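Working notes, beginning with the structure itself.
Model, not experiment: these values are computed from the prediction. Below, each value reflects all heavy atoms present in this structure, side chains not excepted, and no hydrogens, waters or symmetry copies. In what follows, every chain begins at residue 1, and chains take the letters A, B, ... in the order their sequences are listed.
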Amino acid sequence: MRSALLAWYDATRRALPWRAPPGVRPDPWAVLVSEVMLQQTTAATVARRFPLFVQRFPTPAALAGSSLEEVLVAWQGLGYYRRARSLHACAQRLVAEHDGRVPDSLDALRALPGLGAYTAAAVAAIAFDRPVLPVDGNVARVGARLLGLALPADRVRAPVAAGLAPLAHGERPGDVAQALMELGALVCRPRAPSCSCCPVRAYCRAAGSGRARDIPARPSRRAVPVRSTMAFFLRRADGAILFRRRPDDVPLGGMIELPSSPWGEERSLDEHLAHAPAPGPWEPLPGEVRHRFTHFELRVRLARGTAGVAASGLWLAPEALSAVPVPTLTRKLLARLGVVVPHRGR
DNA sequence: TACACGTGGTG
DNA sequence: TCACCAAGTGT
């Protein structure tokens, strides 16, 4: 089973930007950065963004010596922005406590900000060939099928970790980990597993009984609540647009947005206008912009202010937006208003 | 433990 | 259009 898996990996592995060529020891910092980026983010997205990021921050010292603002700018569009904050803190810890290098023990990795059980194990295995098996969503699914565990998806990690742990021992534990993840991404997919192409089908209890598609069981979904707001667009004669910076301790913390009323229940126009950044008049625009966050949907109506209205805040020319962190929501609103935002790395 | 936390691709 | 979901972590 182990050798069949590795043989398949050697023959079909993708040349992803963070992967060292076969037989070459990867740069542990690059592995760490890639694993943090890959948390709940697709390999295709990370593949586009990773090269520029490590070029910009090639070492822990380079990232630790940059401002959080610079890191957030480089992280734009990747989502889960707390990861960028954690990575910044992580780099500073590496410089302060580990001589600017990534430690090679599981315990030391696990103690770093932003590295949980999965990522610490992944870095230990992939960068240092430690005999540990990181269990991510792919490995959990692959393992649940191999072992025939008909449990809900959010309960399979522990039994899979126990059942597959022996695979981590022996040669090339890092490649075993990546092979299982690669198998989950390419063959043992969530909805349409290609069991007929699977290199370890002979060892799979779910495939043997034709149940692969139904394992693991899907947990039931709850309805996604809707919140509403009104965003205010004010543009000066010189082209500058009024923005504000979100506080550090909220979602999208430290990032740039249009002034808006609080996100919440549906409100009347007058209630929204009470939160406008200037007296007005304001011209409500038709339609709304919908943006889906992880756990709620935000519906944004837009109002355009009259040129010449006095307001204080963060006035930025569109060209200046490349130097500040702009989340996708703000980008979407500006696009609706006909403002194109420059963006690196997309 | 359950929930908060972003975004883009996909069928 | 829309639900699903992807190399999870912190609280």
Side-chain angles (χ1 to χ4, degrees), chain A residues 13-14 16-19 30-50 72 75-87 89-90 109-127 132-143 152-155 157-158 160-161 174 176-186 188-192 216 218-227 246 249-255 257 263 290-298 325-332 343 345-346:
Chain A
R13 52 176 275 172
R14 296 171 290 178
L16 297 168
W18 52 89
R19 248 178 214 168
V31 172
L32 190 156
V33 170
S34 72
E35 288 301 336
V36 173
M37 278 193 180
L38 286 161
Q39 292 168 2
Q40 294 289 286
T41 304
T42 58
T45 298
V46 174
R48 284 198 305 277
R49 306 295 302 280
F50 171 85
L72 284 171
W75 202 268
Q76 284 177 102
L78 282 169
Y80 286 144
Y81 297 96
R82 184 170 58 191
R83 293 182 296 173
R85 294 170 175 273
S86 297
L87 194 57
C90 175
L109 288 163
R110 183 65 182 82
L112 294 169
L115 274 68
Y118 163 75
T119 307
V123 174
I126 296 170
V132 291
L133 184 70
V135 180
D136 71 333
N138 282 313
V139 178
R141 181 177 62 258
V142 171
D154 54 358
R155 300 211 179 144
R157 272 183 209 243
V160 165
V176 168
Q178 293 186 87
L180 284 171
M181 293 189 261
E182 195 83 337
L183 189 67
L186 300 180
C188 197
R189 296 181 299 256
R191 280 184 277 192
R218 303 194 199 298
S220 59
R221 294 267 163 209
R222 288 181 333 195
V224 175
V226 174
R227 299 184 199 171
R246 294 177 62 80
D249 56 349
V250 301
L252 308 176
M255 306 192 80
E257 66 177 0
W263 301 357
R290 295 185 178 190
H291 187 74
R292 179 66 175 270
F293 290 100
T294 310
H295 56 298
F296 67 93
E297 177 182 307
L298 186 66
V326 183
T328 296
L329 169 62
T330 302
R331 214 168 281 279
K332 205 183 272 188
H343 192 286
R346 283 235 180 145

Can you tell me if the side-chain N/O atoms of [X] get under 4.0 Å from OP1 or OP2 in [N]?
X	N	result
A/R218	C/dC5	yes
A/R48	B/dG9	yes
A/H295	B/dG6	no
A/Q39	C/dG8	no
A/T41	C/dA6	no
A/Y81	B/dT7	yes

In whole Å, I'd like the distance from the [atom1] atom of [X] to the [atom2] atom of [N].
X	N	atom1	atom2	result
A/Q76	B/dG8	CD	C1'	15 Å
A/R110	C/dG10	CZ	P	6 Å
A/D154	C/dA6	CG	P	13 Å
A/R292	B/dT7	CZ	P	13 Å

Compare every heavy atom of A/H295 with every heavy atom of A/P225, then report the nearest pair and how far apart it is.
->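 Residues A/P225 and A/H295, closest heavy atoms: CD-O, 3.3 Å.
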Under 4.0 Å between any heavy atoms, over every strand shown, what does A/R19 touch: base, sugar-phosphate, or nothing? Just pick one.
->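 Base contact.
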Using a 4.0 Å heavy-atom cut-off across all strands, classify A/W75 as base, sugar-phosphate, or nothing.
->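 Here A/W75 touches no strand at all.
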Any donor-acceptor N/O pair, A/R290 side chain to A/E297 backbone, under 3.5 Å =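 Between the backbone of A/E297 and the side chain of A/R290 there is no qualifying donor-acceptor contact (under 3.5 Å).
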Side-chain donor/acceptor of A/T294 to base of B/dG6, under 3.5 Å =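 Yes, a donor-acceptor pair under 3.5 Å.
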Report yes or no: is the cationic atom of A/R246 (NZ for Lys, CZ for Arg) under 6.0 Å from the centre of the six-membered ring of A/W263, at an angle within 45° of the ring normal?
->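 A/R246 over A/W263 ring: yes.
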Given C/dC5, B/dG8, B/dG6, which nucleotide is nearest the side-chain atoms of A/R191?
->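 Taking heavy atoms from C-beta onward, the closest nucleotide is C/dC5.
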Let me know, please, whether A/A44 or A/R83 comes out on the 5' side of the other along DNA chain B by nearest nucleotide.
->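 The residue closer to the strand's 5' end, by nearest nucleotide, is A/R83.
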For DNA chain C, what residues of residues 112-119 of chain A have any heavy atom nearer than 4.0 Å?
->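 Under 4.0 Å from DNA chain C: A/P113, A/G114, A/L115, A/G116, A/A117, A/Y118, A/T119.
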When you look at A/L87 and A/W75, which way does the side chain to side chain contact (heavy atoms under 4.5 Å, CB included) test go after all the steps?
-> CA-CA 11 Å; A/L87 194 57; A/W75 202 268; 3.9 Å; yes
